[in-house]
Amino acid sequence: MNLPSCLPPFSGHSLGCIRGGRAVFAGLDFTIGPGQALILLGPNGSGKSTLLRVMAGLLKPTAGSLAWGCENVRAEPELHAARTHYVGHHDAIKPVLSVAENLRFWARLHEPDAGRAAGAVDNALVRFGLAHLRDIPGKMLSAGQKRRSNLARLLAAPSPLWLLDEPTTALDRHSIKTLETIFAEHRAAGGMVVLSTHQEIDLPGAAVLHLDDFAFEMDEGQP
C-alpha cells in the first residue's frame with residue numbers, strides 16, 4: 001500500500017443530520033489524523049451508520065462541515081471519494097461475478113494499471129483467506145465469506161481513510177484477528193480507520209465517540 005508520506009487530519013465540525021424528518025444527531029465534532037483510529041459506539045438508531053455515510057460523502061449533513069486538513073471536502077467531492085473507502089453493513093457482492101471479479105472491479109476503480117490492480121487483488125485474496133474461493137460466484141458464498149470478500153476491497157483498492165460499518169459481522173474469531181492485523185498495518189503506514197461496532201475489537205489507542213451523547217431521543221410511540 002502506498003500512502004502519501006504526510007496526510008492531513010480528517011475532521012467534522014458541529015455536524016448535524018436529519019433522516020426521515022427526524023434529527024439524528026447535532027453538534028458533533030471529531031478529528032482523526034494519520035495512523036489514528038476512531039470507534040463509533042451507541043445503541044441502534046443513535047446515528048452510527050448515518051455518520052459514516054456523512055463522512056464518506058454519501059449523505060450531506062444538515063449542519064456543520066467536514067474538512068480534509070483546511071479544505072472543506074464538499075469543494076472536491078470526487079477527490080474525497082478517491083481517498084475514502086466505505087464498507088457498509090450490507091455486503092456489496094455481485095452474485096453472478098466470482099470473488100476475484102468482484103474485487104477486480106473495485107481495484108480498477110482505484111488503480112488504472114491492470115497489472116498492479118491484479119497484484120492487489122491477489123494479495124487481498126490471500127490476506128483474507130479467499131484464494132481458494134477466487135473463482136466461486138458470489139451467490140455461492142456463506143455470510144462470513146461474503147463479509148471477508150467485501151472487506152478484501154480495502155486491500156484490493158487502497159485508500160488512506162477507511163470507514164467501516166460493523167465490519168466484524170459474520171466473522172469468526174480467526175478472521176477478526178486477521179482484520180485487526182490489517183488495521184494495524186494500515187495505521188502504521190499512516191492510514192486512518194473509523195468504524196462502528198457492537199463487538200470487541202483490538203484497535204490500540206483508538207479514540208471513542210459515543211453517538212448517544214449527540215443523539216435526539218424520540219418521544220414514546222414515535223417510530
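Atom set for the values below is all heavy atoms of this structure, side chains included, hydrogens, waters and symmetry mates excluded.
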Over all atoms of both residues, closest heavy-atom pair of S175 and R148: OG-CD, 3.4 Å
Ionic contact status for R127 with E185, cut-off 4.0 Å: yes
Closest heavy-atom pair and its distance - A152, A124: O-CB, 3.4 Å
Heavy-atom pair of closest approach, residues M192 and W68: CE-CH2, 3.5 Å
Side-chain touch L203/L38, heavy atoms, less than 4.5 angstrom: no
Side chain to side chain contact (heavy atoms under 4.5 Å, CB included), paired with L51, selected from L209, L59, L163: L209
CH2 on W106 to NE2 on H85, rounded to 0.5 Å: 6.0 Å
Parallel, tilted or perpendicular: ring planes of F183 versus W162, cut at 30 and 60 degrees: tilted
Side-chain heavy-atom pair F30, L15 within 4.5 angstrom cut-off: yes
S196 side chain to D165 side chain, donor-acceptor N/O pair below 3.5 angstrom: yes
Carboxylate-amine/guanidinium contact K177 D202, below 4.0 Å: no
Donor-acceptor side-chain pairing of H89 and S49 below 3.5 angstrom: no
Criterion side chain to side chain contact (heavy atoms under 4.5 Å, CB included) against L151, the qualifying member of L171, T178, I182: L171
Minimal non-hydrogen separation, R74 against P77, with atom names: O-CD, 3.4 Å
E180 with R173: basic N within carboxylate O range, under 4.0 Å: yes
Heavy-atom side-chain proximity of L130 to H132 below 4.5 angstrom: no
Residue pair A100 / L125: nearest heavy atoms and the distance that separates them: CB-CD1, 4.3 Å
Heavy-atom side-chain contact between L103 and S149 under 4.5 Å: no
Validation row: R22, V24 side chains within 4.5 angstrom (heavy atoms): yes
Sub-4.5 Å side-chain heavy-atom contact between R153 and V121: no
Side chains of S159 and H110 in contact at under 4.5 Å (non-hydrogen atoms): yes
Student check: side-chain heavy atoms of V96 and P137 closer than 4.5 Å: no
Greater than 12 external heavy atoms within 6.0 Å of H90's NE2: no
